[in-house]
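I have placed the structure first, in the form of C-alpha cells, so that the comments after it can refer back to it.
The model shown is predicted, which means the values in this text are computed figures rather than measured ones.
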Amino acid sequence: MRGRHHRQARRGFVVRDGPRLSKTVITLTAIDKLLHDACTISKVLIIAPKKVAEATWQDEAAKWAHLQGLRISTVLGTQQQRLAALAADADVYITNRDNTAWLVTTCGRRWPFDMVVLDEATSFKHHNTQRFKALKRVRPRIHKVVELTGTPVPKDYLDLWAQVYLLDQGAALGPYFTKFRQAFFDPDKRNAQQIFSWRPRPGAEDQIEDAISHEVISIKAADHLQLPGKIVEDIPVVLDRESALAYRHMETKCLLEVDGQMITAMQAATLTGKLLQLCNGSMYDTEHTAHRLHRCKLDAFDELIEGLGGQRALVFYGFEFDRDDLQAEIKSQKWGLRARVLSSHEDAEAWNRGEIDLLLAHPASCAYGLNLQAGGHHLIWYSLPWSLELYEQGNARLYRQGQQQPVIIHRLLVKGGADEMVAKALASKDQCQEALMQGIKARIAKAEEEQR
C-alpha cells in the first residue's frame, strides 16, 4: 500500500501561493520542459475560469521568450469552434470549467490529454458536480495533474476531498467521500431527519493536512522573491463576438462624430469617457439613462473576486452604472462578502477595522488624504480614469506608509478597447494627456479609413 501511495502521489500535485502572482508562468515553464526536454507528456489540457481561459494563459505565454515554442489552442465558443480547436495540432489546449463534461463526452475513449492543469482548483471542490464527475471518469488516463489555487486553506475541510481525489485517485483521503466524512467529521447543525452541516473532530484538520502534505507545494512569494511594494496585474477582458461587434459599431459612431485634426483636450476627455463606458458594458444616452451592451467585464470581476478567496479589496469604479452593477452583482453572487460603497469617514474607518470585504469607491471621492491601507492590500480598477492624478492618488490609498504587505493592483482591461489606450497613456506619466490625445487621434484616423 505504501508503494502504491507514493506512485500515485507523483502523478499530481497542487501549487498553492498568493493569488495571481506567478503561478501561470511557472506552470507554463514546467509544461514546456515536460513537453520538449523530458518528453514525458504529449498533450496538455488547462481548465480555467472562462475569462481566464479566453486570454490570460495565452497572453502570459506570449510575454516570455522561452515559451514561444508552445502551440496553444483555445477550446471555447460554439460547438463547431470548440471541435475545430480540439482538432488543431497544438501542445496546450485551454478551455473553461463549464466545458469539462462536454469535453469528456466528446473525446470519449480517445481522451488525448496526459496532463491536466486545473486553474483555480476550488472550482472542483464539490464531488457531486458534473465537472468533477466527468473528470473523475477520465482520471485514470491522465498521467499528471496540477491544481493551482491562491486560497489554499478552505473554509470547509470537506471541500478538500474532491480536489485531492483528482490528484491521487483516493490515495491520501480515501476513494469515497462518505467514508472521508465519516472518518474526520461529526454532525453539526441538524434536526431529527436531516444533517445541515458537519464539523471537524478534534485534531482532524491536522490529520487531513498531514495526509496530503506530500502532494502539496505551498509557495509564499515573499519567502522566495524580493517583491516590490506594488505589483500591477493587468487582467485581459475578451468581448464575445456579439459584444465585440456592438462595441466596434458604437466606438466607430462616437469616433466619427469628432474631427481628428481639430480635436481639443476637452473633446478627447469626453470621447474617452464614452469609450470607457462601452468597455464597461453600458452607455449613457442624452437623458443619462444607461443602456446595457454586455457583461463581459462583470464576468471577469466575478472570477477575480472568486480567485481572491475572501481577501479584502478596494474597488474603484468610474460611472454610476458601474456602482449599481457591482452592487447588484455582489448581492446576486451570494459570496457572503460584506460590501459597501464609500460615502463617509465612518465607512473608511470600518474598512480599516476589517469590517468590510469589498469597498466600492469612485477615485475622485477618496483621492486625497484618505488612509485606507489598514483595510487590505488588493486594489481593483474596474474602470481606469484617464487622469494620471486621479490614478496615482487612487493607488496611494493603499500604497502608502503603514501598508504591511505588497499592494497588488488588478486592472480589468478590455482587449483592443479604450481601456488599453488609457493604460498606455497612464504609463507615459507626465505626458499622459498628450499620449491620450494621440491615442484618440489614431483611433479616429483608423475609423475614418475603415469607412472609406
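If you check the side chains of Q373 and Y399, you find no donor sitting under 3.5 Å from an acceptor. Residues T149 and E120 bring no donor and acceptor atom of their side chains to less than 3.5 Å of each other. Inspection of the H66 and T29 side chains reveals an N or O donor paired with an N or O acceptor under 3.5 Å.
In this structure, the side chain of D347 engages the main chain of S343 through a donor-acceptor pair within 3.5 Å. Looking at R411, its side chain never comes within 3.5 Å of a backbone N or O of E233 through a donor-acceptor pair. A donor-acceptor pair under 3.5 Å links the side-chain atoms of Q68 to the main chain of A61, judged by distance alone. Counting only distance, with no hydrogens or angles, the side chain of N352 and the backbone of G375 share a donor-acceptor pair below 3.5 Å. The backbone N or O of W57 lies less than 3.5 Å from no partner atom in the side chain of E60, so there is not a single donor-acceptor pair. At least one donor-acceptor pair closer than 3.5 Å links the side chain of R139 to the backbone N or O of L166. Panel note: side chain R97, backbone D119; no donor-acceptor pair is recorded below 3.5 Å. When atom types are taken as modelled, the side chain of R141 and the backbone of P112 share no donor-acceptor pair closer than 3.5 angstrom. Judged by distance alone, with hydrogens and angles left aside, the side-chain atoms of D322 form a donor-acceptor pair with the main-chain N or O of G318 at under 3.5 Å. Between the side chain of T106 and the backbone N or O of L103, no donor-acceptor pair lies under 3.5 Å.
We find that R295 and D240 are not joined by a salt bridge, their nearest charged nitrogen and carboxylate oxygen being 4.0 Å or further apart. Salt-bridge check for R71 with D91: passed, with a basic side-chain N closer than 4.0 Å to an acidic carboxylate O. Taking the charged nitrogens against the carboxylate oxygens, R443 and E251 do have a contact shorter than 4.0 Å, which makes a salt bridge. The existence of a salt bridge linking K424 and E420 is excluded, since no basic side-chain nitrogen approaches an acidic carboxylate oxygen closer than 4.0 Å. One finds a salt bridge joining D325 and R292 here, because a Lys/Arg side-chain nitrogen approaches an Asp/Glu carboxylate oxygen to under 4.0 Å.
Within the 4.5 Å cutoff, the side chain of I142 has no heavy atoms near those of the M115 side chain. Side-chain contact between Y317 and S383 is absent, with no heavy-atom pair separated by less than 4.5 Å. Within the 4.5 Å cutoff, the side chain of V92 has heavy atoms near those of the I46 side chain. In this structure the side chain of L342 never reaches within 4.5 angstrom of the side chain of H362, judged on heavy atoms. For the pair L70/L35, a side-chain contact is recorded, criterion being any heavy-atom separation below 4.5 Å from C-beta on. Inter-residue side-chain proximity for H294 and S282 is flagged as unmet; no heavy-atom pair is nearer than 4.5 Å. Within the 4.5 Å cutoff, the side chain of M283 has no heavy atoms near those of the H291 side chain. In this structure, the side chains of L160 and I208 come closer than 4.5 Å at one or more pairs of heavy atoms.
Contact detail for R338 and G354: the closest heavy-atom pair is NH2-O, 2.9 Å. Considering every non-hydrogen atom in both L158 and R181, the closest pair reads CD2-CG, 3.7 Å. Of all the heavy atoms in V422 and P385, the pair that sits closest is CG1-O, 3.5 Å. Minimum heavy-atom separation, Y247 to G417: OH-CA, 3.4 Å. Annotation for D357 and W351: closest pair O-CZ3, 3.9 Å, computed over non-hydrogen atoms. The two atoms that bring A101 and A134 nearest to each other are CA-CB, 3.7 Å, heavy atoms only.
The aromatic rings of H410 and H378 lie parallel to each other, with less than 30° between the two planes, well short of the 60° mark. In this structure, F180 and F184 have tilted ring planes: the angle between them lies in the 30° to 60° band.
Aromatic pair F321/Y284: centroids less than 6.0 angstrom apart. For H127 and F177, the ring centers are positioned less than 6.0 Å apart.
K136 forms a cation-pi arrangement with Y165, by the criterion of a distance under 6.0 Å to the ring centre and an angle within 45° of the ring axis. Judged by the 6.0 Å and 45° rule, R82 forms a cation-pi pair with W102.
Atom NE2 of H36 sits in a crowded spot, with more than 12 heavy atoms from other residues, nucleotides or ligands closer than 6.0 Å. Heavy atoms of other residues, nucleotides or ligands lying less than 6.0 angstrom from CD of Q194 number more than 12. Within 6.0 Å of CZ in R241 there are 12 or fewer heavy atoms belonging to other residues, nucleotides or ligands.
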W386 vs Y391, ring pair (Phe, Tyr, Trp, His ring centres under 6.0 Å): CA-CA, chis, key distance, verdict: CA-CA 8 Å; W386 67 267; Y391 176 69; over 10 Å; no
Residue pair F316, Y382: steps toward the ring pair (Phe, Tyr, Trp, His ring centres under 6.0 Å) verdict: CA-CA 6 Å; F316 281 133; Y382 188 78; over 10 Å; no
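Rounding to the nearest 0.5 Å gives a distance of 13.0 Å between CG of D324 and CD of E329. Atom OG of S123 sits about 9.0 Å away from atom CG of D98, to the nearest 0.5 Å. Within the model, atoms CG of L67 and CG of D32 stand 5.5 Å from one another, a figure rounded to the nearest 0.5 Å. Here the straight-line distance linking atom NZ of K230 with atom CG of L398 works out to 11.0 Å at 0.5 Å rounding.
Residue pairs that meet the side-chain hydrogen bond (donor to acceptor under 3.5 Å, both in side chains) test with at least one member in residues 107-116, sequence neighbours left out, are S42-D114.
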